Enquirer: 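I'd like to ask some things about the structure below.
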Amino acid sequence: MLRLPIPEQLVSDLNLAAEKILSFDSAVRIFSHHDADGIAAGSILAKALVREERKFHLSIVSGISDEVIQWISKEKDRLVVFLDMGSGDIEALDSLGPEIIILDHHQPMDYSGTALEINSHRYGIDGTREASGSTMAFLLSLTMNSGNSNLAHLSLAGSTGDRQHVGGFRGINAKIAETGEKEGLLISRKGLNLRNVPLRRALSASYDPFVKGLSGREKEVEKLLEDLKIDGEKRASELYEDEEKRLGSILLLRLLKQGCRSDIVDELISKKYLVPSLNIYVSEIADYMDASAKKDSGVAVSMAMGDESSLYKAKELAEEYGEVVLKALLTLEKNRAKEMENIQWFWSYESEVASAQAGIGMQYLLNQEKPAFCLTETNDGKIKISARGTKYLISKGLNLTEVCRAASKVGGKGGGHDIASGCSIPAKKKKEFLEIADEIVGKQLKK
Ligand code: C5P
Ligand code: ZN
């Protein structure tokens, strides 16, 4: 039974999906996305099915590739569930044969076929800011069994991976956090948004926030801590109130000076959720899932499902991932982006962290008046692009879903959210696509 306030039509569609999945005789085939949100969504559904003693086969994929399509076409009598993806390819999936269930939060297309598409946007729930793929999977798991409420931390960790925590959880996510707290599954605490490690490391290794002159600069961090008379071995949560205030105001000033917008600066002091049963923060789970998703999705899923040795491995992967993200941001700080009239773009040389480099770079380093397009060359003659905006640009009319969908004009494919989208284009169409993007963004921002 669902105790969360959600639209009736959504309750009824979730019931239908739960019924179809739980009554399916053989293994349900699940595809989920290879980022923190997809890992969380996949792990939630996997955990719920294990608890019901149902068979399933979960694959973590980067998208609905030709290979995925081919596989599905061959398995006509299967039930296939897509998590955190599917809405953008629904027409193609619908005609393949197997019964399809989609739980997604990306901008849906016009569609009236037979697939059961449970996309938050279709029920008036803002899938960009208030519900992620993991939120949708969590709602489905609760529909199957209310005992799955203890997976709330995974739901929120997935949403955190999709940056829906910025400015505080909202809508259905906020309700999940509130209910989790009431049930004793989560404990919230407001404090400096730094990792739970000694401050000298938390500051010098911090990439989100990326603080110019401190992130990646150990000596400057030492000097700052010395000047503030703060012990670098302390963690942010161990600081006295006056120490936290002193450090907080310095970081805040630095972020303002480097041009960050107020909603990002406000994140410096934010609410964090501790999962007492695991003694780990939701944001840490998100980081671990994010880092291990692309490197070893098996580790990411096992960790999310509660395996201790995978947690240890995921922590290691997160350390390595953090170092690469930091390096990519320091490179971006040095090289900057190339500016066109309405957009800015840059090459990423650290392809495995391009999404993070684009998103964090947009918030802490780049021109705040233009969306950023981060380009990575792939070895199949294509360019993968991560496009990122800010809340401010969205308020001025930016919609990156529309821009990335225009990749189809140059033989590419794309989609996503208004504030964060992606696409893939033939390498030789780079100039043409950037000009199209520049023109569309120009129109959007001048409306
Ligand atoms: O790859 P990246 O992290 O930049 O993707 C940003 C968003 O755009 C994600 O939500 C992803 O699912 C979506 N996307 C998409 N189609 C693509 C590439 C990305 O819908 N071809
Ligand atoms: Zn997502």
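Since this is a predicted model, take the numbers as computed values, not measurements. Atoms within a ligand are numbered from 1 in the order they appear, just like the ligands themselves.
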Enquirer: I need the protein N, O or S atoms closer than 2.8 Å to the Zn ion (ligand 2), given as residue plus atom name.
Expert: Asp37 OD2, Asp84 OD1, His105 NE2, Asp162 OD2
Enquirer: Residue-level breakdown please: for Ser386 versus ligand 1, do any non-hydrogen atoms fall below 4.0 Å on the side chain, on the backbone, on both, or on neither?
Expert: both
Enquirer: So which of Gly416, Ser421, Ser355 gets nearest to atom 6 (C) of ligand 1, if we judge by its closest heavy atom?
Expert: Ser421
Enquirer: Using a 3.5 Å distance criterion without hydrogens, assess whether the side chain of Glu52 forms a donor-acceptor pair with backbone atoms of Leu22.
Expert: no
Enquirer: Can any side-chain N or O of Gln344 pair as donor or acceptor with the backbone N or O of Leu366 at less than 3.5 Å?
Expert: no
Enquirer: I'd like the name of whichever of Gln107, His105, His106, Met85 reaches closest to atom 12 (O) of ligand 1 through any heavy atom.
Expert: His106
Enquirer: Are any of the heavy atoms in Arg388 under 4.0 Å away from ligand 1?
Expert: yes
Enquirer: Hey, is the main chain of Ala48 close enough, under 3.5 Å, to the side chain of Asn148 for a donor-acceptor pair?
Expert: no
Enquirer: With distance as the sole test, does Glu284 use its side chain to make a donor-acceptor pair with the main-chain N or O of Tyr281 at under 3.5 Å?
Expert: yes
Enquirer: Sub-3.5 Å donor-acceptor pair from the side chain of Ser215 to the main-chain atoms of Lys212, do we have one?
Expert: no
Enquirer: Looking just at side-chain N and O atoms, do Thr143 and Asn15 make a donor-acceptor pair shorter than 3.5 Å?
Expert: no
Enquirer: Would you mind finding which of Ala407, Ser87, Gly415 brings a heavy atom closest to atom 15 (C) of ligand 1?
Expert: Gly415
Enquirer: Do any heavy atoms of Gly414 fall under 4.0 Å from ligand 1?
Expert: yes
Enquirer: If we set the cut-off at 4.0 Å for heavy atoms, which region of His417 has an atom near ligand 1: side chain, backbone, both, or neither?
Expert: side chain
Enquirer: Using distance alone, decide if ligand 1 has a nitrogen or oxygen within less than 3.5 Å of any nitrogen or oxygen in Cys423.
Expert: no
